[in-house]
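Heads up: the structure comes next, in structure tokens.
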There are 2 protein chains.
Amino acid sequence: MTVSRVLRNRGDVSATTRERVLEAAKTLGYVPNKIAGALASQRVNLVGVIIPSFGNLVFPEVLAGISAGLEETGLQPVVGVTDYSPEKEETVLYEMLSWRPTGVIIAGLEHTDAARAMLENSAIPIVEIMDVDGAGIDSVVGISHQRAGRHMAEAILRAGYRKIGFLGTKMPDDHRARKRLAGFRAGLAEAGLTIADEEYYAGGSALAKGREMTETILARSPDLDFLYYSNDMIGSGGLLHCLDKGIDVPGQIGLAGFNGLPLLDGLPIKLATMDACRREIGIKAAEIIAGRPHSGVIGGELVELEPRLEPGDTIRKS
Amino acid sequence: MTVSRVLRNRGDVSATTRERVLEAAKTLGYVPNKIAGALASQRVNLVGVIIPSFGNLVFPEVLAGISAGLEETGLQPVVGVTDYSPEKEETVLYEMLSWRPTGVIIAGLEHTDAARAMLENSAIPIVEIMDVDGAGIDSVVGISHQRAGRHMAEAILRAGYRKIGFLGTKMPDDHRARKRLAGFRAGLAEAGLTIADEEYYAGGSALAKGREMTETILARSPDLDFLYYSNDMIGSGGLLHCLDKGIDVPGQIGLAGFNGLPLLDGLPIKLATMDACRREIGIKAAEIIAGRPHSGVIGGELVELEPRLEPGDTIRKS
DNA sequence: CCGATTTATGTTAGCGGTAACAGTTGAGGC
DNA sequence: GCCTCAACTGTTACCGCTAACATAAATCGG
């Protein structure tokens, strides 16, 4: 018992015994067993984090934010990956909850019924991140992708573009990309416009893909004057393609992506994009978990971050 | 007890009771407590993974490999981040070991004495990844960065370049970058050459940084005919700078980076690089952990992967 | 110098499962 | 009809630690 007290810095222990214990622990190479500790104390310093993939740059950045936000709190993130599969999400979640974490941070608002039920019954703080377009279970931290799409549409229209193409991913379970597109369509619709042509691809986002797709869509619809990409990676690929072909950007064709990847600053000209506040989302989510010591699931917070439009150099000045 | 058997699919349970148990578990929303289970069975389905940072693209890719390799094994990775700090590594490691994971995958061969002692005493499989230049504790999976640097030097010399500049990060604890540079120097030394000029930066790798540094070093040493970058990100930045300035690449100046980030395929011309086998390293490491059911720490495996030189378009054909 | 605190250490009973073993039942062999 | 054995279900004793409480030693005001 005294050892337990020394190692957790709890309760009063005389300086001498403390020393002796520390000494002994060191020479023995003793590492306390948190499993037993957690079972006895009903406290677990783990936070479950569930994301769709490591492949999309966005999630490592969110993780970095979570890591940073959890720093100093004694909490440790445990990451699970769903590969954009709702069933896998369910499995991973079950697995996580069986470790009785202090909280769960999970990407997106769309879950299977079973997953939703588990989250609701878990009686721990839940933070759904990235997206605020929909009903959350407990707390929600993210941006409105719908609104982000709409704002981009408005900015594009304001700049005078009219024949607009969309290039994006095929993933049906990427709800955020879907909502962005829906918002974008809505924005155009308000001006009586629709998307003039679209091009989809599967697989990770990469510059080369963006080039190909851009070439394809422009070959098919040479009269497009704007291309909206579902992410910065393919957007930048498109940008490079246009520059290669001597297309005047943003005069002849305007371009925009999404995410605000700082990674890509440094391209010949800067792609218009919208910052998804990835790091902030991670930090904020971590704070919410850390800030709820043992409070039962009372009211969840709703934190909506405002994506900044970064016009870059690929949209005409209106 | 019967419930335990049903939920773990172990031992004989009649079909009817099995049904009843499953039924009850579902209606109650019962999620078994792995903490108790692990304590009782002395089995934990977690694998500790310790990496320096999420910021460097390389590690998310390794993680993706680990995730993939662990798929189907019932093991779950738990990630800890050290920020390239040996002390933090020690802390994170202690934390992890206290959960008695099935194994630990840790980046690098350099650890504090205490960390090394913990790993040695842990009596679980340890896999040190990324780097094979040095003494491992148990298993090691990686590439020789020393040799990678040397090979790059040889390739550059073979192509006829002679006034060679190096651009890299300042991080003293990025041992792999350091070893690459040492190997590179050794390669040059064999031809009686040294690095003609060098330029360092701090902070994450980014295109824009690469541009700046390249401009700086070329302003200072306009007679350089080759630039070796410590990673592809800044290398690509440098490439873009050179193209911007109308510098003939690879005629007037050759360029090379390191990592083989597929992300960047699609730039106007392809940067010479060397693949670090990130994903394979992750997969292999996962397999080693998964493949050692309960075997005490017998002989560790040493898996050295061979980085492929991808000459791209930025080295003259020799 | 004593009772009341305060400080320091020890004791006991779980936490929620699982290993190991102990029953109980029914089917089948002879 | 008795025995054997597999198929099923139950009992008991922990796993290694901590909460809660109990006890012992040191401190202290009056």
Side-chain angles (χ1 to χ4, degrees), chain A residues 1-46 48 74-76 78 93-103 118 121-124 293-296, chain B residues 1-46 48 74-76 78 94-103 118 121-124 293-294 296:
Chain A
M1 198 56 226
T2 299
V3 170
S4 170
R5 278 194 270 257
V6 170
L7 265 28
R8 289 180 301 146
N9 277 320
R10 227 181 276 298
D12 305 302
V13 181
S14 73
T16 34
T17 22
R18 154 166 281 114
E19 279 315 309
R20 286 207 303 148
V21 169
L22 257 27
E23 169 75 23
K26 176 161 278 181
T27 61
L28 291 173
Y30 172 75
V31 179
N33 186 330
K34 284 224 168 162
I35 297 176
L39 183 61
S41 68
Q42 309 284 355
R43 266 182 271 105
V44 179
N45 70 336
L46 300 176
L75 292 170
Q76 256 255 301
V78 180
L93 180 61
Y94 185 76
E95 181 74 13
M96 290 215 151
L97 289 180
S98 68
W99 283 101
R100 302 288 188 269
T102 293
M118 281 191 257
N121 294 332
S122 66
I124 55 174
H294 295 276
S295 56
Chain B
M1 197 57 228
T2 301
V3 170
S4 170
R5 278 194 270 257
V6 171
L7 264 30
R8 289 180 301 147
N9 277 321
R10 224 180 280 296
D12 306 300
V13 181
S14 73
T16 34
T17 19
R18 154 167 280 115
E19 279 315 309
R20 286 206 304 147
V21 169
L22 258 25
E23 169 76 20
K26 175 162 280 182
T27 62
L28 292 173
Y30 173 75
V31 178
N33 186 330
K34 283 225 167 160
I35 297 176
L39 184 61
S41 68
Q42 310 284 351
R43 267 183 270 106
V44 180
N45 70 336
L46 299 176
L75 292 170
Q76 254 257 303
V78 180
Y94 185 76
E95 180 74 13
M96 290 213 150
L97 289 180
S98 68
W99 284 101
R100 301 289 186 269
T102 293
M118 283 191 256
N121 293 332
S122 66
I124 54 174
H294 295 275

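We name chains A, B, ... by the order of the sequence lines, and we start the count at 1 in each one.
- With the nearest nucleotide of DNA chain D identified for both B:Thr16 and B:Ala36, B:Thr16 has the one nearer the 5' end.
- Annotation: side chain of B:Tyr30 is not in contact with side chain of A:Asn121 (no heavy-atom distance under 4.5 Å).
- Between C:dA19 and B:Gln42, no contact under 4.0 Å exists linking OP1 or OP2 to a side-chain N or O.
- Within 4.0 Å (heavy atoms only), A:Asn33 reaches sugar-phosphate atoms of the nucleic acid but no base atom.
- To the nearest angstrom, P of C:dG10 lies 14 Å from CG of A:Asp12.
- Here A:Arg10 does not reach the OP1 or OP2 of D:dT18: none of its side-chain N or O atoms lies under 4.0 Å away.
- In this structure, B:Asn9 CG and B:Arg18 CZ are separated by 5.5 Å, a value rounded to the nearest 0.5 Å.
- Put simply, A:Arg43 has a side-chain N or O that comes within less than 4.0 Å of OP1 or OP2 on D:dA19.
- At C:dT18, one or more side-chain N or O atoms of B:Arg8 fall inside 4.0 Å of OP1 or OP2 (strictly under the cut-off).
- With hydrogens and angles ignored, no donor-acceptor pair under 3.5 angstrom links the side chain of B:Arg100 to the base of D:dG16.
- Where B:Leu39 and A:Thr17 meet DNA chain C, the nucleotide closest to each residue was compared, and A:Thr17 sits on the side nearer the 5' end.
- Using a 4.5 Å cut-off on side-chain heavy atoms (C-beta onward), B:Leu46 and B:Leu75 make no contact.
- Considering only side-chain atoms of A:Ser41, the nucleotide from C:dC21, C:dG17, D:dT18 that sits closest is D:dT18.
- For the residue pair B:Ser4/B:Arg8, the side-chain donor-acceptor check at 3.5 Å is satisfied.
- Closest to the B:Met1 side chain, of the nucleotides D:dA7, C:dA20, C:dA8, is C:dA20.
- Computed from coordinates, the A:Arg18 CZ to C:dA8 C1' distance equals 12 Å when rounded to whole Å.
- An OP1 or OP2 oxygen of D:dC17 is reached within less than 4.0 angstrom by a side-chain nitrogen or oxygen of A:Tyr30.
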Steps toward side-chain hydrogen bond (donor to acceptor under 3.5 Å, both in side chains) verdict (B:Arg20, B:Thr16): CA-CA 6 Å; B:Arg20 286 206 304 147; B:Thr16 34; over 6 Å; no
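- For D:dT9, one of the phosphate oxygens OP1 or OP2 lies less than 4.0 angstrom from a side-chain nitrogen or oxygen of B:Ser14.
- Comparing B:Ala40 and B:Thr2 by the nucleotide of DNA chain D whose heavy atom lies nearest to each, the residue mapping closer to the 5' end is B:Thr2.
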